[in-house]
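Notes for the one structure printed next.
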There are 2 protein chains.
Amino acid sequence: MPQDSPMTAKPDRIRKGRKFDQVLEGAREIFLRDGFERASVDAIARAAGVSKATLYNYFPDKRLLFSEVLRRECDRQAGAALHEIDMAAPAETVLKSAARHIVSALLSEFNQAVFRICVAESDRFPDLGAAFYQSGPMRLRSEIAAFLREATRRGELSVEDETLAADQFAELCKADLYTRRVFRLDNGFAEDEIRRVIDGAVAVFLARYGANRT
Amino acid sequence: MPQDSPMTAKPDRIRKGRKFDQVLEGAREIFLRDGFERASVDAIARAAGVSKATLYNYFPDKRLLFSEVLRRECDRQAGAALHEIDMAAPAETVLKSAARHIVSALLSEFNQAVFRICVAESDRFPDLGAAFYQSGPMRLRSEIAAFLREATRRGELSVEDETLAADQFAELCKADLYTRRVFRLDNGFAEDEIRRVIDGAVAVFLARYGANRT
DNA sequence: CGGAAACTGAACCGCCCGGTCTAGGATGTC
DNA sequence: GACATCCTAGACCGGGCGGTTCAGTTTCCG
């Protein structure tokens, strides 16, 4: 009988409480929408469908709730990866497919929201910047770098400094699109705009790192 | 705007206030340091060495003061340009020199502060994003594009889509450095880190756009 | 000089915020 | 039914905020 104690059947469940997830979900919604300062605890409790007392029963203050929410969002963000791409395909194919993934991930509403919050609050919450960096750019880089290493081994590419090359590739995928998105000049982008950037990124990358260049 | 030599005439409107510039300067300091929400009007007045009544004599509310300050900062930012570079030099030289300027400008404390504020407040101040974009990335792009056009005419480069190429070059200069700076993982960077990125950017760019490639 | 305009410091207002507290309603287990 | 646990609504608190007011001081200029 591992779970049975004399007083309670499931101590961990009781410790956590039934509405714990509701609180986090409400906080997520409001924090991502309004940022830390403008998000009021009352609004969070309302969005969570929970009383303020319950909220403060789980989290001692607003800051810790915020930290917990964004830690989770950073984890969540780390999930969006390139794993499903067939790394055995020709390098150009892989790069184009990766570029498309990268672009759509970078421009997504979710990434934008997390990015903006992390930028805005990275001084008051010093861990935040590192968390975002590790769950986003760093992970992306290491995935790309792994492919570049493999493609170099196969003789398709010729990359010496994989981490630099990976960063460059990711950076090339942003070209203008990202900036315009961050500053809210555009919400969505036409397919040909995106293709122009992607094709351009791959062309530039292959011109430098393709194995068959003279 | 007013505030000049004691002999100037125009007592009408110009003479309106002696402390106008002080207010803007104090607001600049506090807003860039704390952002819009966390900056208190009292703190601004204190930093400006001015009473709150005086401040409100010039600006009807905090929002307008903020807008005015950041409009000016965007203009100021636009000043940091590449004009002093000798565009007649060989393309590789020009690109390296431009890259160095770009990197140091992007990583500067000033640009970082303005960038962060614009990102954080671009939803509540919709003009802000556009202002920053035009005074920063867009200006930079058109300067680079102009050079690329000229270098292509000279036969040193072979660029068809200058604006894309310009964006790509600027983007390449960021590689990792910018991200780490934005998220406050590093304050300063070693010279070899910077050179690695710059040389890498120029190498990638020339591999694609150099005229003498096969 | 004299008077107008700019400026001051502090008190003040109403509001909303983060956080606490209380009295009581559900729910579940003996 | 008794008891404990979780949760609820909302009143409440101290404090800081943006913004106003005012009585008095400084600065400027004819």
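Letters A, B, ... mirror the listed sequences (proteins, then strands); counts begin at 1.
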Scan the side chains in residues 121-129 of chain B for donor-acceptor partners under 3.5 Å anywhere in the protein, sequence neighbours excluded, and list what turns up.
| from | atom 1 | to | atom 2 | distance (Å) |
| --- | --- | --- | --- | --- |
| Glu121(B) | OE1 | Arg124(B) | NH2 | 2.6 |
| Ser122(B) | OG | Arg184(A) | NH1 | 3.0 |
| Ser122(B) | OG | Val119(B) | O | 3.4 |
| Arg124(B) | NH1 | Glu37(B) | OE1 | 2.5 |
| Arg124(B) | NH2 | Glu37(B) | OE1 | 3.3 |

Atom pairs and distances, side-chain donor-acceptor, residues 109-118 of chain A, under 3.5 Å, sequence neighbours left out:
| from | atom 1 | to | atom 2 | distance (Å) |
| --- | --- | --- | --- | --- |
| Glu109(A) | OE1 | Arg181(A) | NH2 | 3.4 |
| Gln112(A) | NE2 | Leu106(A) | O | 3.1 |
| Arg116(A) | NH1 | Val182(A) | O | 2.6 |

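Cation-pi check for Lys62(B) over Phe36(B) is met; the charged atom lies under 6.0 angstrom from the ring centroid and within 45 degrees of its normal.
The listed nucleotides are dG19(D), dC21(C), dG19(C); the one nearest the side chain of Tyr56(A) is dG19(C). Relative to the side chain of Asn57(A), the nucleotides dC7(D), dG18(C), dA9(D) differ in distance, and dC7(D) lies closest. Listed nucleotides dC21(C), dG18(D), dC7(D) differ in distance to Thr54(A); the shortest reach to its side chain belongs to dC7(D). Of the candidates dC7(D), dA9(D), dG18(D), dC7(D) carries the atom nearest the Tyr58(A) side chain, counting heavy atoms from C-beta on.
Shown for residues 28-47 of chain A: residues whose heavy atoms fall under 4.0 angstrom of DNA chain C, namely Ala39(A), Ser40(A), Val41(A).
For Lys62(A) against dG19(C), a side-chain-to-base donor-acceptor contact under 3.5 Å is absent. At a cut-off of 3.5 angstrom, counting only N and O atoms as typed in the model, there is a donor on one side and an acceptor on the other between the side-chain of Lys52(A) and the base of dG19(C).
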Subject >> side-chain hydrogen bond (donor to acceptor under 3.5 Å, both in side chains) assessment of Asp167(A) paired with Tyr178(B) >> reply: CA-CA 11 Å; Asp167(A) 287 333; Tyr178(B) 196 64; over 6 Å; no

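Side-chain N/O atoms of Ser51(B) include none lying less than 4.0 angstrom from OP1 or OP2 on dG9(C).
Closest approach of Phe147(B) to Ala91(B), counting heavy atoms only: CZ-CA, 4.0 Å.
Between the side chain of Ser67(B) and the main chain of Arg63(B), a donor-acceptor pair closer than 3.5 Å is present.
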